[in-house]
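Reminder, nothing fancy here: chain letters follow the sequence lines and each chain counts from 1. No hydrogens, no waters, no symmetry mates; every other heavy atom, side chains included, goes into these values.
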Amino acid sequence: MKQIIRRTVLDAAKKAFEKGALPSDQTPNMEVEEPRHSSHGDLSTNFAMVSASVQKMPPRKIAERLVSYIEIGGLIEKVEVAGPGFINFFLSNKAWQPVVDEILEQDKSYGNSDVGKKEKVQVEFVSSNPTGPLHVGHGRGAAVGDSVGNILSFAGFDVQKEYYINDSGRQIRTLGTSVRLRLLQKAGKNIDFPDDCYQGDYIKDLADLILEKEGDAFINKDEKEAIAFCAKFAAEIILQGIKEDLTNFGVTFDQWFSEQSLYDSGRVQKAIDDFKSKDMIYEKDEALWFRTTDFGDEKDRVVVRNNGLATYFASDIAYHVEKFERGFQRVIDVWGADHHGYIKRINAIVVASGRKSEQFQVILVQLVNLLRGGKPFQMSTRAGEFVTLKEIVDEVGKDAARFMFLSRSYDSGLDFDLEVAKQKNSENPVYYVQYVHARITGILLKAKQENLIQDIDFKKGEHLNLLNAEEEVSLLKILHTFRENVEKSALELHPHVIFNYLMNLAAAFHGYYNRHKVITDDREQTLARLSLVLGVKKVIRNGLTLLGVSAPERM
RNA sequence: GCCCCCGUAGCUCAGUGGAUAGAGCAUAGGAUUCCUAAUCCUUGUGCGCAAGUUCGAUUCUUGCCGGGGGCACCA
């Protein structure tokens with residue numbers, strides 16, 4: 001619809017220029033948008049204001065001249081010049097009614113788009129170390145990453161979702177040490193458990209598991225060997241748990257990428273050698289440094305320490321080089337806000353390896369404040385007292401948790417109140433939206449029982465020209481904007497745009513439901529309304545799907 | 001000290017270079033013989049402060065103030 005208005009305005013401008021009413025045929029970038037107030041029309045453009053300088057005329061005058069070249073009739077009922085020079089279009093209901101047919105025909109693909117132009121994009125998220133279970137913060141990152149991936153796909157990008165497994169390096173060794181010490185304690189040895197080991201009870205459980213499977217034979221094994229064994233064993237079990245938690249959270253990945261594989265394949269060494277030969281990596285104080293300062297970082301960063309051990313940065317270099325070699329045009333990393341200091345150094349790698357800075361983006365997800373009944377939960381990873389994602393999902397459910405995580409922009413910290421997430425009323429937004437879906441299903445079932453429709457899922461609207469009630473027209477308009485909201489959400493990488501859209505649509509539907517009966521004695525009107533609500537149902541489902549939330553038939 | 005995010009209604013947060021800045025919660029009152037009341041309707045107050053860019057700034061820039069998070073040859 002906005003495109004139609006845009007073309008109308010441009011055509012009128014061209015005509016006005018040809019007839020000499022406007023001095024210039026230049027048409028600067030204009031906006032076509034829905035005004036805040038319905039008294040300002042259905043759609044409005046600032047064309048006259050942005051044209052003021054090229055036309056060398058006051059905006060209102062431009063607008064008035066232009067308007068006389070716009071044809072009234074058909075979809076456009078009235079055009080007005082208002083305020084500083086806005087051109088306001090008042091549209092016929094006929095402009096909006098066909099959207100229902102479009103939804104019913106396109107069904108699950110309604111709202112999709114080709115703005116992505118098949119651009120190959122990778123979204124990497126969660127990527128937590130397999131040294132402990134996922135906690136709440138990972139949950140927010142998982143919900144954001146998964147939804148961003150879904151939304152990008154729907155908007156026409158070629159998306160791959162990936163989890164980077166940090167299965168190498170010091171933390172894994174610490175994991176091995178932690179498990180081994182717990183094992184020795186179980187075997188009756190009197191050993192202090194150091195602070196820098198993982199404190200959680202799950203370490204003890206892992207020790208039990210090893211005892212069960214391997215017996216106590218290897219307690220006397222060589223320390224190095226035992227640590228390596230424990231590390232590998234524990235990491236595998238923990239990763240298994242992570243995968244399970246994510247599956248239960250509705251999060252799926254196209255690929256699980258092992259950090260260790262970068263060492264095993266020699267890619268880390270190769271990346272270091274390559275950058276060395278380009279003098280991007282140099283030696284100082286017996287360590288290897290990357291010249292990240294050449295790319296805006298505050299200081300150069302160590303790649304290999306003077307003790308010969310590679311830092312995590314070394315594998316990050318190899319990994320990000322490798323990502324682009326796989327053919328991605330754009331790489332998006334989802335990180336917790338506490339990692340923001342890493343952006344510059346990874347960006348340095350990307351630019352140093354010949355890519356454009358814009359090809360690498362980081363979604364920084366701010367922290368989650370977990371509350372219960374308004375009171376903060378104490379969380380400390382050090383003491384091993386953290387609330388896991390699994391506990392959250394078990395308590396409030398996948399749908400409520402995901403919807404809550406996506407309810408706000410990830411640029412802001414999020415208060416997550418477990419009690420609110422469990423409530424079954426309007427304080428809990430997930431039910432508000434899901435209820436629309438369930439309510440409509442109920443209506444359609446009733447209509448089917450009364451033989452008004454053959455099937456509760458039909459492909460063609462009927463008597464759409466009867467949809468003229470104020471609430472119906474406003475629903476039609478909202479349905480109409482689904483695609484542009486998907487596109488906005490994709491281009492801005494902001495899933496909460498979809499959240500807001502769904503809340504809006506849900507509110508409009510509930511309002512409509514309370515004021516109008518869908519099934520009435522008027523058969524034609526009933527069929528028109530059934531078509532409309534089926535359209536609403538499908539759009540609600542499509543939107544919820546993008547957020548990874550289910551659309552229940554019954555509640 | 002430096003870097004990142006945030007500062008909008010009593011609370012939690014949306015939003016926009018433009019015409020009268022929104023929602024939920026909270027408060028108070030009301031709606032169900034009828035498709036699910038997990039719903040709806042009615043009821044007020046606000047863009048942290050100061051300069052700059054602009055025809056126009058809550059939105060962009062800078063500075064300040066306030067909150068959160070980071071600043072290792074740790075991840």
Among A:F313, A:F360, A:F290, exactly one meets ring-ring contact (aromatic ring centres under 6.0 Å, His included) together with A:H320. Which residue is that? A:F360
Check ion pair A:R372-A:E395 (N to O, under 4.0 angstrom): yes
Which part of the nucleic acid, if any, lies within contact of [X], taking any heavy atom under 4.0 Å across all strands shown: a base, the sugar-phosphate backbone alone, or nothing?
X: A:S39; answer: base
X: A:F416; answer: nothing
X: A:H437; answer: nothing
X: A:K488; answer: sugar-phosphate
X: A:Y513; answer: base
X: A:I519; answer: base
X: A:N129; answer: sugar-phosphate
X: A:K517; answer: base
X: A:D300; answer: nothing

What integer distance in Å separates [X]:[atom1] from [N]:[atom2]?
X: A:Y431; N: B:rA37; atom1: OH; atom2: C1'; result: 17 Å
X: A:R170; N: B:rC73; atom1: CZ; atom2: C1'; result: 12 Å
X: A:H138; N: B:rA75; atom1: NE2; atom2: P; result: 16 Å
X: A:L309; N: B:rC74; atom1: CG; atom2: P; result: 9 Å
X: A:D417; N: B:rC13; atom1: CG; atom2: C1'; result: 15 Å
X: A:R36; N: B:rA23; atom1: CZ; atom2: C1'; result: 14 Å
X: A:H496; N: B:rU12; atom1: NE2; atom2: P; result: 18 Å
X: A:E298; N: B:rC4; atom1: CD; atom2: P; result: 9 Å

For [N], does OP1 or OP2 lie under 4.0 Å from any side-chain N or O of [X]?
X: A:K299; N: B:rC73; value: yes
X: A:R305; N: B:rC74; value: yes
X: A:R301; N: B:rC73; value: no
X: A:S412; N: B:rA14; value: yes
X: A:R408; N: B:rC6; value: no
X: A:Y432; N: B:rC40; value: yes

How far, in whole Å, is [M] from [N] if one measures between their [atom1] atoms?
N: B:rA51; M: B:rU59; atom1: P; answer: 13 Å
N: B:rU54; M: B:rU39; atom1: C1'; answer: 46 Å
N: B:rC34; M: B:rU45; atom1: C1'; answer: 39 Å
N: B:rU12; M: B:rG67; atom1: P; answer: 15 Å
N: B:rA14; M: B:rC73; atom1: P; answer: 36 Å
N: B:rC6; M: B:rU20; atom1: P; answer: 27 Å
N: B:rU43; M: B:rG30; atom1: P; answer: 16 Å

Just compare [options] and give me whichever is closest to any side-chain atom of [X].
X: A:R515; options: B:rG69, B:rA75, B:rC41; value: B:rC41
X: A:N500; options: B:rG69, B:rA14, B:rA19; value: B:rA14
X: A:Y342; options: B:rA75, B:rA14, B:rC73; value: B:rA75
X: A:S409; options: B:rA14, B:rC35, B:rA75; value: B:rA14
X: A:V302; options: B:rC73, B:rG69, B:rA19; value: B:rC73
X: A:D415; options: B:rC4, B:rU12, B:rG15; value: B:rU12
X: A:H37; options: B:rG15, B:rC35, B:rU20; value: B:rU20

Is it the case that [N] (base atoms only) and [X] (side chain only) share a donor and an acceptor within less than 3.5 Å, ignoring hydrogens and angles?
X: A:N46; N: B:rA19; value: no
X: A:S44; N: B:rA19; value: yes
X: A:H340; N: B:rG69; value: yes

Check: A:H40 ring centroid to A:F86 ring centroid under 6.0 Å: no
Hey, are the side chains of A:L547 and A:R402 touching, using non-hydrogen atoms and a 4.5 Å cut-off? no
Measure up the A:H138 and A:H135 rings against each other and bin them: parallel (under 30°), tilted (30 to 60°), perpendicular (over 60°). tilted
Plane angle bin for A:F499 and A:F403 - parallel if under 30°, tilted between 30 and 60°, otherwise perpendicular: tilted
Taking the nucleotide of RNA chain B with the nearest heavy atom to each, does A:A310 or A:R439 sit closer to the 5' end? A:R439
I want to confirm an ordering. Mapping A:Q423 and A:E259 to their closest nucleotides on RNA chain B, which one lands closer to the 5' end? A:Q423
Could you tell me whether A:R439 sits above the aromatic face of A:Y513, with NZ or CZ closer than 6.0 angstrom to the six-membered ring centre and within 45 degrees of the axis? yes
Can you give me the closest heavy-atom contact between A:Q366 and A:D411, atom names plus distance? CG-O, 3.1 Å
Under the criterion side-chain hydrogen bond (donor to acceptor under 3.5 Å, both in side chains), I'd like the reasoning laid out for A:R523 against A:H463: C-alpha separation, chi angles, the key distance, then a yes or no. CA-CA 10 Å; A:R523 184 182 160 82; A:H463 307 292; over 6 Å; no
Any strand is fair game: report the nucleotide pairing with B:rC71 by Watson-Crick or G-U wobble, both distances under 3.5 Å, or none. B:rG1
